[in-house]
Amino acid sequence: MKTTPKSEEELFERARNIAGFTVLELAIEANMLVPSNLIKDKGWIGQLLEWHLGACSRNKPKQDFEHLGIELKSIPIGHKGQPLETTSICIAPLVQVHELSWEQSYLRKKISRILWIPVEGKREIPLSKRLIGYPILWSPSKTQELQLKTDWEEIIDMIALGQIEQITARHGEVLQLRPKAANSQVRTNAYGTDGKLIKTFPRGFYLRTCFTASILQSHFI
DNA sequence: TTCTGATCATTA
DNA sequence: TAATGATCAGAA
């Protein structure tokens with residue numbers, strides 16, 4: 001187990017040091033076994049990176065580097081460096097949202113500072129041979145935060161109005177609300193249109209690929 | 001080929 | 001059960 005980095009600089013330097021290695025090389029150093037596929041180990045790459053960077057809070061409902069205020073996210077990319085998948089941010093609140101403001105939202109805190117680590121994610125590439133990319137330490141620009149805020153407020157408004165069932169992944173320019181659960185049988189509390197509690201599936205916030213693409217792009221300029 | 005809705009493992 | 005880490009896979 002590695003120690004937790006004491007500063008942002010130390011964290012970023014570690015991230016730089018693993019860039020260019022393959023998943024297999026990192027797994028050996030971490031004494032981990034590379035799964036044959038990610039079907040049953042979807043969070044495996046994230047956990048591998050957490051180990052190398054010394055994240056302290058595995059599977060805890062807080063930021064990866066709480067003392068630094070930094071969140072770690074791996075992002076699968078294609079051969080041109082474009083994101084292959086949307087990026088899950090956090091679970092969406094479905095109750096007690098009426099007084100929630102963007103400024104105090106969990107989502108905003110989560111994305112306030114993110115260490116992105118691109119990893120080759122093409123399914124043609126065997127998992128063990130995938131390369132780790134150069135890390136990006138990112139905070140939203142004014143423009144980006146406004147985009148996120150706009151989408152977030154629209155979605156939260158609908159939740160507060162009991163229109164959760166009408167929300168689909170098509171809402172939002174850069175932010176989506178999608179199911180996030182172990183399976184479609186899972187239910188949790190939410191508001192119905194009459195203001196009473198109903199059961200629906202848990203949702204999570206996701207960043208669209210066009211948004212994460214712009215983050216990756218800005219890094220190469 | 002891209003996107004949306006569904007799904008998997010693990011832990012507190 | 002709810003939150004963490006995300007990707008799968010069929011529909012469009």
Identify every side-chain donor-acceptor pair in residues 143-151 of chain A under 3.5 Å, counting partners at least two apart or on other chains, and give the distances.
residue: A/Gln144; atom: OE1; partner: A/Trp138; partner atom: NE1; Å: 3.2
residue: A/Gln144; atom: OE1; partner: A/Ser141; partner atom: N; Å: 2.9
residue: A/Gln144; atom: OE1; partner: A/Ser141; partner atom: OG; Å: 3.4
residue: A/Glu145; atom: OE2; partner: A/Trp102; partner atom: NE1; Å: 3.1
residue: A/Glu145; atom: OE2; partner: A/Arg108; partner atom: NE; Å: 2.9
residue: A/Thr150; atom: OG1; partner: A/Leu146; partner atom: O; Å: 2.7
residue: A/Asp151; atom: OD1; partner: A/Glu173; partner atom: N; Å: 3.1
residue: A/Asp151; atom: OD2; partner: A/Glu173; partner atom: N; Å: 2.8
residue: A/Asp151; atom: OD2; partner: A/Val174; partner atom: N; Å: 2.7
residue: A/Asp151; atom: OD2; partner: A/Leu175; partner atom: N; Å: 3.2

Q) Do the side-chain N or O atoms of A/Thr168 get closer than 4.0 angstrom to the phosphate oxygens (OP1, OP2) of B/dT4? A) no
Q: Send over the distance from A/Leu49 CG to C/dA6 C1', rounded to a whole Å.
A: 12 Å
Q: Just compare C/dG5, C/dT4, B/dT7 and give me whichever is closest to any side-chain atom of A/Ile91.
A: C/dT4
(Q) Reading DNA chain B from 5' onward, which residue's closest nucleotide shows up sooner: A/Gly43 or A/Ile167? (A) A/Ile167
Q.
Heavy atoms only, 4.0 Å cut-off, all strands: where does A/Arg187 land among base, sugar-phosphate and nothing?
A. sugar-phosphate
Q.
Looking at B/dT2, I'd like to know if its phosphate oxygens (OP1 or OP2) sit under 4.0 Å from a side-chain N or O belonging to A/Arg208.
A. no
Q. If each of A/Cys90 and A/Thr87 is mapped to the nucleotide of DNA chain C with the nearest heavy atom, which maps nearer the 5' terminus, i.e. the 5' end?
A. A/Cys90
(Q) What's the separation between atom CD1 in A/Ile164 and atom CZ in A/Arg203, rounded to the nearest 0.5 Å? (A) 4.0 Å
(Q) Is it true that A/Arg178 and A/Thr86 share a donor-acceptor pair across their side chains at a distance under 3.5 Å? (A) yes
Q | A/Tyr206 side-chain proximity, nearest of C/dT4, C/dG5, C/dT7 | A | C/dT7
Q: Select from A/Asn183 and A/Lys122 the residue whose nearest nucleotide in DNA chain B is closer to the 5' end of that strand.
A: A/Lys122
Q: For A/Pro76, answer base if it contacts any base atom (sugar-phosphate contacts may also be present), sugar-phosphate if it contacts only those atoms, and nothing otherwise; contact means non-hydrogen atoms under 4.0 Å.
A: sugar-phosphate
Q.
Would you compute the distance between atom CD of A/Glu71 and atom CD1 of A/Ile89 and round it to the nearest 0.5 angstrom?
A. 8.0 Å
Q. Quick check: are there more than 12 heavy atoms from other residues, nucleotides or ligands sitting under 6.0 Å from CG of A/Asn183?
A. yes
Q.
Between the base of C/dA6 and the side chain of A/Ser88, is one N or O donor paired with an acceptor at under 3.5 angstrom?
A. yes
Q) Is the phosphate of C/dT4, meaning OP1 or OP2, less than 4.0 Å from a side-chain N or O of A/Gln47? A) no
Q: Let me see the working for A/Lys122 and A/Glu120 under salt bridge (Lys or Arg N to Asp or Glu O under 4.0 Å), right down to the final yes or no.
A: CA-CA 6 Å; A/Lys122 285 286 209 187; A/Glu120 282 185 329; over 6 Å; no
(Q) Below the 4.0 Å mark, does C/dA6 have OP1 or OP2 next to a side-chain nitrogen or oxygen of A/Ser74? (A) yes
(Q) Any side-chain to backbone donor/acceptor pair from A/Arg187 onto A/Ser184? Under 3.5 Å, distance only. (A) yes
Nucleotide N/O of nucleotides 8-12 of chain C paired with protein N/O under 3.5 Å:
residue: C/dC8; atom: OP2; partner: A/Arg123; partner atom: NE; Å: 2.9
residue: C/dC8; atom: OP2; partner: A/Arg123; partner atom: NH2; Å: 3.1
residue: C/dC8; atom: O4'; partner: A/Lys42; partner atom: NZ; Å: 3.2
residue: C/dC8; atom: N4; partner: A/Glu85; partner atom: OE1; Å: 3.2

Q) Can a donor-acceptor pair under 3.5 Å be found between the side-chain atoms of A/Lys180 and the base atoms of C/dG5? A) yes
